Protein chains: 2
Amino acid sequence: MPIKKDLTQKQKEVLRFIYDSIRGNNLPPTIREIASHFGFKSTGTVRDYLTALVKKGYIKVSANKSRAIELVKEALFSIPIVGQVRAGLPTLAVEEIEGYLNLDSLVFSDESTFALRVKGDSMIEAGIMPDDLVLVRRQDMAQTGEIIVALIGEDATVKYLKRVNQDYFLEPANPVYQPRKVDGSVSIIGKVISVVRRF
Amino acid sequence: MPIKKDLTQKQKEVLRFIYDSIRGNNLPPTIREIASHFGFKSTGTVRDYLTALVKKGYIKVSANKSRAIELVKEALFSIPIVGQVRAGLPTLAVEEIEGYLNLDSLVFSDESTFALRVKGDSMIEAGIMPDDLVLVRRQDMAQTGEIIVALIGEDATVKYLKRVNQDYFLEPANPVYQPRKVDGSVSIIGKVISVVRRF
DNA sequence: TTTTATACCACACATATGATTGGAATGTCA
DNA sequence: TGACATTCCAATCATATGTGTGGTATAAAA
């Protein structure tokens, strides 16, 4: 889910390594650690990459400080908060990203996880209120009884998945609304793994 | 859960600085950065602190790597999840800590913030379900309309704070329960700033 | 009393690490 | 074509940084 597309493939790999290093080791890499990971034989090569990444706005580096590589703001790998979901999934359009939720280790932010802001009160009896954020792990299958995110046409909806005989239904947690049968126009895009609300 | 030995006041300050450095700068400090922050004139002094913190289980350090100070999970500054709250607040007894919620930058986990597991359904219409975690910022005052955590005798309870004329009430979000007037037996211990639920 | 932990210092050493300079090959774009 | 970005290399330099040795002083614990 790249935000900006102006990185080369190799630059992406370097950025990814920096990201993994920070998330995995709790420590940004040194220039030589980057070099040895990619088999570069010169630190100058790494410097070229770092200056490119700085110039393109993905990282910041501080002079004369070891490991002083910082991921910039809403960089590549934080979880995007999407205000609405369109049929284009799993490719999230940039305009739909509402902000970024930095959950760090709460969620293992692999690229298949995102957060969705809930609209409407159809899940209110499940404790999911309008404007809550639901954390969604992208998957196209789900168990009955799980809370899922489904796409109906271009609209994303959060519902229980229920099975009756051979048929599946999207069931709201609000008696005001009716269940809807899962047919060809409905696709499951993920499972709700967490709810976060902030006051 | 491993029992950790007590830290001296100065050791706490050093640990706190390491923590702030990681959270604030996204980078653990070097030995000399620690030294200069505290005015230590020898790196040996810092090494003494680090070895003490390692031995007591608060940090890990890797040999021959710069800035390789790692906070051990469930360390001092993660947010404790308390299963119940007793009158002893704001000193949380260790036995009451149910686990640790690592929220990193979601919440600025100063020492006045903790998480409380909700029991009961008295706030169900506010979308706070049994077993949810509420993040609580410790404070003894609150505005009317805010969701607060109050202590009634030895029991912690999550309720709306409402004002009617001169009186304050703890008001549940569930018609099954009755509001309760705030009197001398009730003390406000914090304000709910977030709700987190995991499936 | 002896031992251990705490809390500092001075000084030196080895190396980890970030700059820097200069070059080369390749491809893109105006 | 020429300017420029990308992607590598070699080699060197300066210093940032972790480590080690050996102290002093105080207080608590065994």
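So that the names make sense, note that chain A is the first sequence line, chain B the second, and so on, each numbered from 1. The model shown is predicted, which means the values in this text are computed figures rather than measured ones.
Remark: the A/Ser42 side chain and the D/dA10 base include a donor-acceptor N/O pair separated by less than 3.5 Å. Looking at B/Thr30, its side chain has no donor and acceptor atom pair within 3.5 Å of the base of D/dA16. Contact annotation: side chain of B/Thr43 to base of D/dT19, donor-acceptor pair present below 3.5 Å.
Between A/Arg32 atom CZ and D/dA10 atom C1' there is a gap of 13 Å when expressed in whole angstrom units. The distance from atom CZ of A/Phe38 to atom P of D/dT7 is 11 Å, rounded to the nearest whole Å. Spacing between atom CZ of B/Arg67 and atom P of C/dA16 amounts to 17 Å, rounded to whole angstrom units. Rounding to whole angstrom units, CG of residue A/Asp48 and C1' of C/dA19 are separated by 13 Å. Atom CD in B/Gln11 sits roughly 10 Å away from atom P in C/dC8 (whole-Å rounding). Distance CZ (A/Arg47) to C1' (C/dG22): 10 Å, rounded to an integer number of Å. Taking atom CD of residue A/Glu33 and atom C1' of nucleotide C/dT17, one finds them 10 Å apart after rounding to whole Å. With rounding to whole Å, B/Gln9 atom CD is found 17 Å from D/dA27 atom C1'.
A salt bridge between A/Glu171 and A/Lys159 is absent, with no side-chain N of the basic residue lying under 4.0 Å from a carboxylate O of the acidic one.
Here the nucleotide nearest the side chain of A/Lys56, chosen from D/dT6, C/dA7, C/dG18, is D/dT6.
In this structure, CD1 in A/Ile147 is found 12.5 Å from CG in A/Leu170, a value given to the nearest 0.5 Å.
Where B/Gly39 and A/Ser66 meet DNA chain C, the nucleotide closest to each residue was compared, and B/Gly39 sits on the side nearer the 5' end.
Within the nucleic acid shown, B/Asn64 comes within 4.0 Å of sugar-phosphate atoms alone, with no base atom in reach, counting heavy atoms only.
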Could you tabulate the donor-acceptor pairs under 3.5 Å formed by side-chain atoms of residues 27-45 of chain B, not counting sequence neighbours?
unit_1, atom_1, unit_2, atom_2, d
B/Thr30, OG1, B/Glu33, N, 3.0
B/Glu33, OE1, B/Thr30, N, 3.0
B/Glu33, OE1, B/Arg67, NH1, 3.1
B/Glu33, OE2, B/Arg67, NH1, 3.4
B/Glu33, OE2, B/Arg67, NH2, 3.2
B/Ser36, OG, B/Glu33, O, 3.4
B/Ser42, OG, B/Gly44, N, 3.0

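For C/dA19, the OP1/OP2 oxygens have no side-chain nitrogen or oxygen of A/Lys65 closer than 4.0 Å.
A cation-pi contact, defined as under 6.0 Å to the ring centre and within 45° of the axis, is absent between B/Lys56 and B/Tyr58.
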